[in-house]
Amino acid sequence: MVAPTVKLNNGYEMPLVGFGLWKVNNDTCADQVYNAIKAGYRLFDGACDYGNEVECGQGVARAIKDGLVKREDLFIVSKLWNSFHEGDKVEPICRKQLADWGVDYFDLYIVHFPIALKYLDPSVRYPPSWTTADGKIELANAPIHETWAAMESLVDKKLARSIGVSNFSVQLLMDLLRYARVRPATLQIEHHPYLTQTRLVDFAQSEGLAVTAYSSFGPLSFLELNLKHAQDTPLLFEHATIKGISEKHGRTPAQILLRWATQRKIAVIPKSNDPTRLAQNLQVTDFDLEGSEIEAISALDKGLRFNDPMAYGLGIPIF
């Protein structure tokens, strides 16, 4: 099965269901990408700070070599890290990431966070992190309009077909849309029943941005990071509301959570090492939830954010 697509505001088609590459181990990454392609996945959501783009590219190359797909069948996403926001740093790091993937262009290249950190040359440390080489957090002075102009040049040079943003607020989107020569095609945000961000989703979609949800299963992705508020939060898979709807439709709780998003035209990027769950996560557009069920799931909203630098002790109050 191959996921249906959503048309972006520049005419390109983006799969509604993709494979997220955050926390995919380097030693298994190439195989996981290859197996995901074999299972029908066509969108792969990566980032340089995930530290596995070389291995991702190896999986893609093997799949192309074996005739499973052509490059044009895939929708490869990567992200600009915070320490490369200055205008003259954007293209060089994008080209490095393309080389790591072994491709000529990204289908979508995203500003990862709306914050500029001090530049650290990749030869000193790579993948990048939130801190400088001596472990400090230092901000840079690059405003978003400088970063975005450099992002637009990637489109001009055909290094990226589409560009987008992640973790932006409504106010930041409003500001960006005032001057963007190339409009952002997508907004990627943390989105699950405990954090519905309804106003942000509605605004982005009303402005023609496709919304992609990450961490669709709520606290599950953050348990291994030892975040206390994730460990203290009931798992969505075990919530009575989700389980009841799951049993009614004969689908897994994961499929219910993903359909809750995709039925509202929100793209999702789950991942799994298990072949059965890998296939199940892709099969989330062949059934519909009732309106009352969507409302019941949305009513679980607690405004509970897990991917917050403050939760990691970084002292950067982005949200």
Looking only at heavy atoms, the pair that brings Leu187 and Ala204 closest together is CD2-CB, 3.8 Å
With side chains defined as the heavy atoms from C-beta onward, is the minimum distance between Phe319 and Met310 less than 4.5 Å? no
Check the surroundings of atom CG in Asp104: do more than 12 heavy atoms from other residues, nucleotides or ligands lie under 6.0 Å from it? no
Are Lys136 and Lys118 packed together at the side-chain level, in the sense that at least one heavy-atom pair is separated by less than 4.5 angstrom? no
Evaluate the side-chain proximity of Leu176 to Leu172: yes if any heavy-atom separation is below 4.5 Å, no if none is. no
Note: Arg42-Asp107 ion pair, threshold 4.0 Å (strictly below): no
Nearest heavy atoms of Leu139 and Leu117, plus distance in Å: CD2-CD2, 3.7 Å
Between Glu53 and Ser78: side-chain donor-acceptor atoms closer than 3.5 Å: yes
Do Arg259 and His249 have side-chain heavy atoms sitting under 4.5 Å apart? no
Spatial distance of atom CG (Leu220) from atom CD (Glu238) [nearest 0.5 Å]: 9.5 Å
Contacts of type ring-ring contact (aromatic ring centres under 6.0 Å, His included), residue Tyr126, not counting sequence neighbours: none
Nearest heavy-atom neighbours spanning Asp49 and Pro128: CB-O, 3.8 Å
Min side-chain heavy-atom separation Glu290-Ile245 under 4.5 Å: no
On the ring face of Phe75, is Arg161 found with NZ or CZ under 6.0 Å from the centre and within 45° of the axis? no
Compute whether any side-chain donor of one residue and acceptor of the other, for Tyr312 and Asn307, lie under 3.5 angstrom apart. yes
Euclidean distance, Lys243 NZ relative to Ile256 CD1, rounded to 0.5 Å: 13.5 Å
Going by heavy atoms in the side chains, are Pro122 and Ile93 under 4.5 Å from each other? yes
If you compare all heavy atoms of Pro270 against all heavy atoms of Leu258, which two are closest, and at what distance to 0.1 Å? CG-CD1, 3.9 Å
Looking at side-chain heavy atoms only, is the closest gap between Tyr214 and Asn167 below 4.5 Å? yes
Could you pull out all residues at least two apart from Arg277 that satisfy salt bridge (charged side-chain N to carboxylate O under 4.0 Å, His left out)? none
Validation row: Leu304, Leu195 side chains within 4.5 angstrom (heavy atoms): no
Any idea how Trp22 and Tyr50 line up, ring-wise: parallel (<30°), tilted (30 to 60°), or perpendicular (>60°)? tilted
Going by atom types alone, do Asp88 and Tyr119 pair a side-chain donor with an acceptor below 3.5 Å? no
How many angstroms lie between CD in Glu152 and OG1 in Thr147, if you round to the nearest 0.5 Å? 11.0 Å
I need the minimum non-hydrogen distance between Glu190 and Ser215, along with the two atoms involved. CG-CB, 4.2 Å
Within the supplied structure, the quantity of interest is the number of heavy atoms (other residues, nucleotides, ligands) at a distance under 6.0 Å from Lys265 NZ; does it exceed 12? no
Contacts satisfying ring pair (Phe, Tyr, Trp, His ring centres under 6.0 Å) that involve residues 251-281 (not counting sequence neighbours) are His191-Trp260
For the pair His239 and Tyr194, name the ring-plane relationship: parallel under 30°, tilted 30 to 60°, perpendicular over 60°. perpendicular
Excluding sequence neighbours, so at least two apart, what forms ring-ring contact (aromatic ring centres under 6.0 Å, His included) with Trp148? none
Here the gap from Leu80 atom CG to Glu91 atom CD, rounded to the nearest 0.5 Å, amounts to 12.0 Å
Would Gln255 and Gln280 count as a side-chain hydrogen bond (donor to acceptor under 3.5 Å, both in side chains) if you check the C-alpha gap in whole Å, the side-chain angles of each, and the deciding distance to 0.1 Å? CA-CA 7 Å; Gln255 287 175 310; Gln280 289 173 341; 5.3 Å; no
d(Gln263 CD, Leu289 CG) to nearest 0.5 Å is 5.0 Å
List in chain and number order the residues that pass salt bridge (charged side-chain N to carboxylate O under 4.0 Å, His left out) with Arg264, two or more places apart in sequence or in another chain; answer none if no residue qualifies. none
Could you tell me which residues satisfy salt bridge (charged side-chain N to carboxylate O under 4.0 Å, His left out) with Asp66, sequence neighbours excluded, listed by chain and number? none
Around atom CZ of Arg181, are there more than 12 heavy atoms of other residues, nucleotides or ligands at under 6.0 Å? yes
Around atom CG of Asp274, are there more than 12 heavy atoms from other residues, nucleotides or ligands closer than 6.0 Å? yes
Roughly how far, to the nearest 0.5 Å, is the CG atom of Asp175 from the NE2 atom of His145? 8.5 Å
For the residue pair Phe44 and Phe19, does the interplanar ring angle fall in the parallel (under 30°), tilted (30 to 60°) or perpendicular (over 60°) class? tilted
